[in-house]
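Chain letters run A, B, ... following the sequence lines, proteins first and then strands; every chain starts at 1. This structure is a prediction, so every number in the text was calculated from the model and none was measured.
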Number of protein chains: 2
Amino acid sequence: MNYFCPMSNDQLLRSRGLRVTNTRKAVLQLLQGSGKALSQADVERSLPELADRVTLFRVLQAFEESGLAHRVQDAHGVSRFAVCADTCSGGHHHDVHAHFRCLVCGDVYCLDPVALPKVSIPKGFKLKESQLHLEGSCSACS
Amino acid sequence: MNYFCPMSNDQLLRSRGLRVTNTRKAVLQLLQGSGKALSQADVERSLPELADRVTLFRVLQAFEESGLAHRVQDAHGVSRFAVCADTCSGGHHHDVHAHFRCLVCGDVYCLDPVALPKVSIPKGFKLKESQLHLEGSCSACS
DNA sequence: GGTCTTCATGCAAGTCGGTTGCATGAATTA
DNA sequence: TAATTCATGCAACCGACTTGCATGAAGACC
């Protein structure tokens with residue numbers, strides 16, 4: 001959230017070219033309130049009867065494509081979603097913030113951005129993005 | 001491969017407590033010959049009629065658990081396997097080498113080990129392992 | 001407000017990777 | 001060679017992910 005430039009979630013959705021619907025507002029609010037990345041199954045559990053599985057799938061997909069949220073995989077390869085920083089723009093996620101995966105409960109947390117080391121990649125390879133994943137146990141599971 | 005201390009694949013399998021079978025020898029050889037990490041589907045395509053899906057699943061699982069190979073997820077969260085360096089031991093994969101994911105063809109390549117930056121993790125969290133994933137396009141897709 | 005266009009949703013169905021139980025067969029051991 | 005232990009194949013299943021199509025709602029325009 002930007003303290004100096006508050007924007008309602010309705011405006012936030014509209015600014016990304018997304019229509020404002022109950023489902024999208026609820027999911028967006030849920031993602032904002034959660035301190036960690038949520039899977040589609042998490043959303044279904046938190047907001048039962050809100051919408052069809054396919055709808056939630058498409059809502060999360062739309063959030064990612066529009067830049068409202070970013071996708072990160074948990075330890076089992078399942079996609080989880082977290083709200084982006086305000087600097088995010090659709091399709092471009094250049095801020096390299098690390099993620100922490102708890103190997104016990106499976107939760108994924110976004111960490112502060114880190115300066116990644118210079119890695120030499122093979123000749124002809126083109127680097128587009130870097131991701132740093134830390135694994136261990138979260139405070140609740142330690 | 002260790003140039004100074006060659007070990008046959010039969011010995012390699014036996015040294016990890018695994019029985020020597022045609023399927024395991026073929027999969028091990030395939031992983032060694034491939035310069036990149038392979039998914040189970042890759043193995044099935046490369047060695048059709050070799051063995052049942054479940055057998056390949058369990059062979060790759062046994063390779064990982066015994067330390068013969070390590071598992072890394074591709075851009076879609078699908079597991080891929082690559083043969084470990086000789087220093088690997090069962091269940092312990094402390095060598096932090098980076099991986100490069102090609103976003104075009106999906107291939108995953110093992111890179112040289114890198115010194116990871118010191119990342120501050122939240123209070124109460126316990127760090128066990130770190131992974132660095134680079135994404136972009138490989139030489140064939142660039 | 002009413003109408004129209006466009007997009008969001010729900011339902012059905014299907015794909016794919018991953019996984020388990022159990023019976024059978026092969027590799028190792030004695 | 002016989003006994004034991006482990007590897008394999010088959011069937012079946014689960015969960016995450018995905019698409020097509022018909023319906024309904026959101027936004028735009030008058």
Going by atom types alone, do Arg80(B) and Ser39(B) pair a side-chain donor with an acceptor below 3.5 Å?
no

Rounded off to whole Å, could you give me the NZ-to-P distance for the Lys25(A) and dA25(D) pair?
15 Å

Measure the distance from CG on Leu18(B) to P on dT5(D) and round it to the nearest whole Å.
18 Å

Yes or no on side-chain hydrogen bond (donor to acceptor under 3.5 Å, both in side chains) for Glu44(B) and Gln40(B), after CA distance, side-chain angles and deciding distance?
CA-CA 6 Å; Glu44(B) 290 174 27; Gln40(B) 182 184 324; 2.9 Å; yes

Specify the separation, in whole Å, of atom CD of Gln73(B) and atom C1' of dG17(C).
12 Å

With the side chain defined as heavy atoms from C-beta on, Val78(A) is closest, among dG18(C), dA16(D), dT8(D), to dA16(D)

Taking 4.0 angstrom as the limit, do Arg71(A) and Glu64(A) come out as a salt bridge?
yes

Heavy-atom nearest nucleotide on DNA chain C taken for Thr55(A) and for Ala41(B); more 5' hit belongs to Thr55(A)

Using the closest heavy atom to pick a nucleotide of DNA chain D for each, name whichever of Arg24(B) or Asn22(A) lands nearer the 5' end.
Arg24(B)

Look only at the side chain of Gln73(A) and the backbone of Ala75(B), and say whether a donor-acceptor pair between them is shorter than 3.5 Å.
yes

Could you tell me how far apart Arg14(A) (CZ) and dT6(C) (P) are, to the nearest whole angstrom?
19 Å

Angle between the two end axes of the helix from dT5(C)-dA26(D) to dA30(C)-dT1(D), five base pairs per end, rounded to 10 degrees?
40°

Same apolar cluster: Val114(B) and Leu134(A), side chain cutoff 4.5 Å
yes

Anything under 3.5 Å between a protein N or O and an N or O of nucleotides 19-26 of chain C, put it in a table, one pair a line.
from    : atom 1 : to       : atom 2 : distance (Å)
dG21(C) : O6     : Arg58(B) : NH2    : 3.2

I'd like a table of atom pairs between the protein and nucleotides 1-4 of chain C - only N or O on both sides, under 3.5 Å - with the distance next to each one.
none

Answer yes or no: does a side-chain N or O of Ser79(A) lie under 4.0 Å from OP1 or OP2 of dC17(D)?
yes

Could you tell me the separation between the CD atom of Glu64(A) and the P atom of dT18(D), rounded to a whole number of Å?
10 Å

Remember a base hit wins even if backbone is also touched, and classify Ala51(A) as base, sugar-phosphate or nothing at under 4.0 Å, heavy atoms.
sugar-phosphate

Distance check needed: dC6(D) P versus Leu13(B) CG, whole Å only.
16 Å

Side-chain N or O of Thr23(A) less than 4.0 angstrom from OP1 or OP2 on dT9(C)?
yes

What residues join Phe57(A) in its hydrophobic cluster, counting side-chain heavy atom gaps under 4.5 Å, either direct or through other members?
none

Non-neighbouring partners of Phe81(A) that pass ring pair (Phe, Tyr, Trp, His ring centres under 6.0 Å), sequence neighbours left out:
none

Rounded to the nearest angstrom, tell me the gap between atom CD in Glu65(A) and atom P in dT18(D).
11 Å

Can you tell me which residue pairs pass the ring-ring contact (aromatic ring centres under 6.0 Å, His included) test with a partner in residues 110-142 of chain A, sequence neighbours excluded?
His99(A)-His133(A), Phe125(A)-Phe100(B), Phe125(A)-Tyr109(B), His133(A)-His133(B)

Examine the side chains of Ser142(A) and Ser137(A) and answer whether a donor and an acceptor come within less than 3.5 Å of each other.
yes

Tell me: CG of Leu60(B) to C1' of dA7(D), nearest whole Å?
14 Å

Pair Asp107(A) + Lys36(A): basic N to acidic O under 4.0 Å
yes

Please figure out whether Val20(B) or Arg80(B) has its closest DNA chain C nucleotide nearer the 5' end.
Arg80(B)

Do Leu28(B) and Val20(B) sit in the same hydrophobic cluster, where Ile, Leu, Val, Met, Phe, Trp and Tyr count as joined when their side-chain heavy atoms come under 4.5 Å apart?
yes

Check Glu135(B) with Lys128(A), please: is the shortest side-chain N to carboxylate O separation under 4.0 Å?
no

